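In what follows, every chain begins at residue 1, and chains take the letters A, B, ... in the order their sequences are listed. Small disclaimer: the values here were computed from a predicted structure and weren't measured.
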Amino acid sequence: MLDIVVIRRDPDRVRRSLQRRGLDPSVLDDVLRLDTEYRSALADLERAQSERRTLSEQIGRAPDKAAATAERRPRLDVLAKLSEQQQERVRELAPDVEGSPLRALLEHLPNLLDESVPDGADERANVTVRAWGEPPRFDFTPKPHWELGEALGILDFERAVRLSGSRFSILKGDGARLARALAQFFLDRATVRGYVEIAPPYLVTRATMWSTGQLSKFSDAMFHDDDTDLYLIPTAEVPLTALRGDEIIDAAELPCKYTAFTPCFRKEAGAAGKETRGIMRQHQFDKVELVWLSHPERSFEALESLTEDAASLLRELELPHRIVALCAGDVGFNAAKTYDLEVWVPSAKAYREISSCSNCTDFQARRSAIRFRRDAKSKPEYVHTLNGSGLAIGRTLLALMENFQRADGTIAVPRALEPYAGFSIVGGV
RNA sequence: GGAGAGGUGGUCGAGCGGUUGAUGGCACCCGCCUCGAAAGCGGGCAGAGGUGAUGAGCCUCUCGAGGGUUCGAAUCCCUCCCUCUCCGCCA
């Protein structure tokens, strides 16, 4: 959610950001008009309330309350009726009332883009910031991970379909073990880099989901239970970001860095036909997430740091990858700036997203009410929130399988992972 | 799931129809004292919104959430949510 005050005082900045995202900025005119109407209605209401209060206090002080009440009755009745109407009007216009037109407009305004975000309409305009490693050259015909996995008996798609339908998979034996090793490896590295490990709930309330801005972004993509009105998390970003919601954090505690290993659940309803083979896109996948609550002045440094935390994992796993800065048209709703980490996927002959690291500035913090105090005397301010995958387990696993496959159909385990896996070759004798 | 108790400011905890947005303790901040610190003493210290200059001041709202009664509600009534204790069930 954007700060209405920023929209009011610097509408041009918001307009520019919307345009860069390829959105129609004319909604701002409606926002500004409704906001003016709202404030005028609010002033009317407050005037009536103030007068009513004064009269009530006079009655409270009077020795003969009955007489004092009778005397003021006509005016009080007028005020009661008046403020009831004004209350109604304010409720219709208020930006903080669910379902009001102003609120609806505000909820659909994406975060302000950072100036450093490159221009461009879609992913073709994304800018590669740096690359690491060379795509492997095979002296045999490399196989996609689903063929490798089934041949090695570590991936089972047929039985997964039988149990749960499409877009599910089963890991078996060394495959399951490798996935667990990756999770452990990622969490350990995060801990070393100062992240506090959290084991959060996988089901959260509608309010929590709303507070991290997922309801607009993923609303069709989320699994939901009608009985309890609980949502299965689409990413651990949700519980980790909301973790300190409604709190005022001591400035000395910033930055707060959290990590969690959780499954993620997504309907992926609109994604039919895209990357359907294998484990690239699933209804359920595991991920280690990294979240920062940052001092606002340092959040863009924090984004570099967070991105480096994720990238270091790919380097340690010896996986060729590149870091791209998303262009204006490709940056997500919540984010001011995003770097994607893309790993080389031989079967696609392309780099594919394995992590997305975003600075959401105060956009989520405002919804979630995550604040801090600069010092004992200052007013609470919103922190900046950042999130990134570090990393998605399934995609790392498939990248590892495809990049480290050998002519005999076995797969080498990267050295850094060996102690975690307990073996150095998958399918070795 | 059943029975009971309760949800108040950063925290603990009073208040249970009328200048109470809220006594007091702790924490925190400023000052005095001190070589320095502790202790002690004095003072300050909730949040949101509107208005003003993103100042002072003024105004409104907020005591889990939402409704109601009343001139007036943290205080009374209703609904919902949550927490705790005991019982039941259970990995």
Side-chain angles (χ1 to χ4, degrees), chain A residues 1-11 13-14 31-32 34-100 102-103 106 199 201-211 225-231 242 244-254 256 293 296-297 362 365-383:
Chain A
M1 189 96 98
L2 289 181
D3 186 356
I4 182 82
V5 176
V6 169
I7 302 175
R8 205 181 285 156
R9 297 210 175 117
D10 196 359
R13 187 174 161 215
V14 182
V31 170
L32 291 169
L34 286 168
D35 177 52
T36 306
E37 284 179 36
Y38 161 66
R39 283 180 296 148
S40 134
L42 188 63
D44 292 343
L45 171 65
E46 289 185 355
R47 214 174 299 119
Q49 279 174 329
S50 182
E51 189 183 344
R52 197 216 61 198
R53 252 184 92 120
T54 306
L55 295 176
S56 267
E57 275 169 22
Q58 286 169 0
I59 294 171
R61 266 190 301 261
D64 184 347
K65 297 195 184 2
T69 308
E71 194 181 315
R72 289 166 181 80
R73 181 110 251 162
R75 185 59 187 160
L76 281 165
D77 287 345
V78 169
L79 286 171
K81 204 166 175 188
L82 191 64
S83 58
E84 200 178 325
Q85 292 164 355
Q86 290 166 333
Q87 187 79 253
E88 192 66 26
R89 176 105 179 107
V90 166
R91 231 193 288 269
E92 280 166 20
L93 291 163
D96 50 1
V97 169
E98 209 172 324
S100 81
L102 182 52
R103 164 74 162 257
L106 285 172
Y202 306 155
L203 287 158
V204 299
T205 60
R206 173 182 297 274
T208 299
M209 210 48 99
W210 184 85
S211 78
D225 175 55
D226 291 332
D227 284 346
T228 55
D229 200 22
L230 290 171
Y231 290 84
R244 306 297 298 273
D246 283 314
E247 290 184 34
I248 299 173
I249 299 169
D250 192 342
E253 215 192 314
L254 297 176
C256 300
L293 307 181
E297 271 93 88
D362 60 357
R366 181 168 296 106
R367 286 188 170 209
S368 303
I370 312 169
R371 294 173 295 174
F372 80 106
R373 229 184 271 277
R374 231 163 252 279
D375 57 67
K377 276 180 276 184
S378 35
K379 289 270 169 198
E381 293 172 59
Y382 292 111
V383 302

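The nucleotide B/G49 finds its pairing partner in B/C59, both defining distances of the Watson-Crick or G-U wobble pair being shorter than 3.5 Å. The nucleotide B/U70 finds no pairing partner, because no Watson-Crick or G-U wobble arrangement with both distances shorter than 3.5 Å includes it. Using Watson-Crick or G-U wobble geometry with both donor-acceptor distances under 3.5 Å, B/G17 finds no partner in any strand shown. A 3.5 Å limit on both hydrogen-bonding distances identifies B/G31 as the Watson-Crick or G-U partner of B/C41. The nucleotide B/G1 finds its pairing partner in B/C87, both defining distances of the Watson-Crick or G-U wobble pair being shorter than 3.5 Å. When both distances must be under 3.5 Å, the Watson-Crick or G-U wobble mate of B/G10 is B/C26.
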- Assess whether side-chain contact (heavy atoms from CB on, under 4.5 Å) is satisfied between A/D35 and A/I7, documenting all intermediate values. CA-CA 10 Å; A/D35 177 52; A/I7 302 175; over 6 Å; no
- Message: Run the salt bridge (Lys or Arg N to Asp or Glu O under 4.0 Å) test on A/E51 and A/R72 for me, step by step, so that the C-alpha distance in whole Å, both residues' side-chain angles and the decisive distance to 0.1 Å come before the verdict.
- Response: CA-CA 11 Å; A/E51 189 183 344; A/R72 289 166 181 80; over 6 Å; no
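Contact of A/E46 with B/G49 (side chain to base): a donor-acceptor pair of N or O atoms is detected under 3.5 Å.
If you take atom P in B/G9 and the same atom in B/A65, they sit 10 Å apart, rounded to whole Å. Look at the C1' atom in both B/G13 and B/C26: the space between them is 10 Å, to the nearest Å. Taking atom C1' in both B/U60 and B/G42, one finds a spacing of 34 Å when rounded to whole Å. When the P atom is compared between B/U85 and B/U79, the two are found 25 Å apart, to the nearest whole Å. Comparing the P positions of B/U23 and B/G43 gives a spacing of 15 Å, expressed to the nearest Å. A distance of about 9 Å separates the C1' atoms of B/G17 and B/U70, rounded to the whole Å.
A/R53 places its CZ atom 6 Å from the P atom of B/G21, with the value rounded to the nearest Å. Residue A/D96 contributes atom CG, which lies 14 Å from atom P of B/A65 at whole-angstrom precision. Summarising the geometry, the separation between CZ on A/R373 and P on B/A48 is reported as 8 Å, rounded to the nearest angstrom. Rounded to whole Å, the distance from NZ on A/K81 to C1' on B/U70 is 19 Å. Distance, A/Q87 CD to B/G49 P: 18 Å, rounded to whole Å. Atom CZ in A/R52 sits about 16 Å away from atom P in B/G18, given to the nearest Å.
In this structure, A/L55 reaches neither bases nor backbone, as no heavy-atom distance under 4.0 Å exists between it and the strands shown. A/R8 comes within 4.0 angstrom of the backbone, heavy atoms only, and of no base. Using a 4.0 Å heavy-atom criterion, one finds that A/K65 contacts the bases of the nucleic acid, with or without backbone contacts as well. Within 4.0 Å (heavy atoms only), A/R72 reaches no atom of the nucleic acid at all.
With B/G47, B/U60, B/C71 as the choices, the nucleotide that has an atom nearest any side-chain atom of A/Q49 turns out to be B/U60.
In this structure, the side-chain contact (heavy atoms from CB on, under 4.5 Å) partners of A/L230, at least two apart in sequence or on a different chain, are A/L203, A/T205, A/T228.
Within a 6.0 Å sphere centred on CZ of A/R8, heavy atoms belonging to other residues, nucleotides or ligands number more than 12.
Glycosidic torsion of B/G43 falls outside 90° of 0, placing the base in anti.
Of all the heavy atoms in A/W210 and A/R103, the pair that sits closest is CZ2-NH2, 3.5 Å.
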